[in-house]
Amino acid sequence: MANQSGSVYGLTLLCPIVNDERAVPSHDLQIREYLATLPTDERSPFATAPGTHMARLVVMDDVVYVGMPACEEHLQSKYLIFETNCDADIDAYFTGLAKSIPVHLDAIWSHCTGYPGVGDLAAFLSYMKACQLETTFFFAAVNDKSVTDTLKALQTQRAVADFIATHPAAGRGMDAAATQREFLAFMKIVQAAPVPKPGLRAPGRPIQTGGHNE
């Protein structure tokens, strides 16, 4: 299945933005302004939405044709692009979005043509699927792992790397048996540690709103 790699789903939505010359500011600008207010760390609404591995939203103004013979082509409207890697049950994922972050979804997608809102779940699911593009080439870095499993694995990876960096190898100042005892005690602590929140280690960055497919 092109959209899916193992238990991870590569989802891309292309949603036309309302073109209303009477709207001030324009609908695409209102989306940009709202997206600029959203945090990109663990406070991001998409970090709290169940099943989200990563998510990105982009407002696309137009396309540039590159080819021979040269010709000028344009989109019929501006588009909101939503890309995400999520757990593979797409109906469950959309339903989770609708139930966990309905205010954010309506604030963003209400500027898109034909968006019905999350109040009518069936219509919402139908709309989102109608905007979906098939993912023709998809690589999942965590093929058969859920968001929770992935977060725990990354936490363990970082902890083990720190342990190695702070403990000299046997023959360079520490007895092998002592190192083993410390490592076993360390792993008990790692295994008992709570799973980190999604987005907790995401680098903070300003969101650009210059109006060039951002």
Side-chain angles (χ1 to χ4, degrees), residues 1 3-13 34-58 82-109 118 121 124-125 128 135 138-170 172-207:
M1 183 177 180
N3 294 316
Q4 191 170 331
S5 179
S7 62
V8 182
Y9 197 97
L11 176 66
T12 301
L13 303 184
Y34 189 84
L35 294 179
T37 68
L38 298 181
T40 58
D41 53 16
E42 72 275 12
R43 297 168 298 156
S44 166
F46 293 95
T48 64
T52 303
H53 292 255
M54 58 78 67
R56 184 184 185 195
L57 292 115
V58 178
F82 176 56
E83 296 178 314
T84 181
N85 287 2
C86 58
D87 290 345
D89 188 335
I90 197 64
D91 283 341
Y93 180 68
F94 281 137
T95 300
L97 288 178
K99 292 183 177 180
S100 61
I101 55 171
V103 174
H104 293 292
L105 295 179
D106 283 348
I108 298 169
W109 267 271
V118 298
L121 183 59
F124 170 77
L125 294 176
M128 299 300 259
T135 302
F138 172 48
F139 170 77
V142 286
N143 197 33
D144 287 306
K145 301 300 181 182
S146 66
V147 173
T148 300
D149 290 338
T150 302
L151 289 170
K152 187 67 176 179
L154 291 173
Q155 180 185 52
T156 302
Q157 180 188 51
R158 294 187 183 100
V160 170
D162 290 341
F163 180 90
I164 293 172
T166 56
H167 287 73
R172 289 192 294 165
M174 177 168 281
D175 178 76
T179 301
Q180 184 181 47
R181 287 193 298 270
E182 287 198 21
F183 183 75
L184 292 175
F186 156 78
M187 284 306 300
K188 289 182 179 180
I189 296 173
V190 171
Q191 291 168 356
V195 177
K197 294 180 179 179
L200 186 61
R201 293 181 180 269
R205 62 172 180 82
I207 298 178

Next item on the list: Determine, stepwise, if the pair Leu57 / Phe46 fulfils side-chain contact (heavy atoms from CB on, under 4.5 Å).
Entry: CA-CA 11 Å; Leu57 292 115; Phe46 293 95; 3.5 Å; yes

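- The OG1 atom of Thr84 lies 7.5 Å from the CG atom of Leu97; values are rounded to the nearest 0.5 Å.
- To the nearest 0.5 Å, atom CG of residue Asp89 and atom CZ of residue Phe94 are 11.0 Å apart.
- Nearest approach of Ala49 to Ile101, heavy atoms of both residues: CB-CD1, 4.4 Å.
- Between Ser100 and Pro50 the shortest heavy-atom distance is OG-CD, 3.6 Å.
- Residues Pro102 and Val118 approach most closely at CB-CG2, 3.5 Å, considering heavy atoms.
- Between atom CG of residue Leu11 and atom CD1 of residue Ile90 there is a gap of 4.5 Å, rounded to the nearest 0.5 Å.
- Atom CG in Leu125 sits 4.5 Å away from atom OG1 in Thr95 (nearest 0.5 Å).
- In this structure, Asp87 and His53 have side chains that are in contact, with non-hydrogen atoms separated by less than 4.5 Å.
- With a 4.5 Å cut-off on side-chain heavy atoms, Phe124 and Trp109 do not count as touching.
- Across every non-hydrogen atom of Met128 and Leu13, the tightest pair is O-CD2, 3.3 Å.
- Here the CG atom belonging to Leu35 is positioned 11.0 Å from the NE2 atom belonging to His104, to the nearest 0.5 angstrom.
- Side-chain contact check for Val160 versus Phe186: some heavy-atom pair is nearer than 4.5 Å.
- A donor and an acceptor atom, one from each side chain of Tyr93 and Thr52, are located under 3.5 Å apart.
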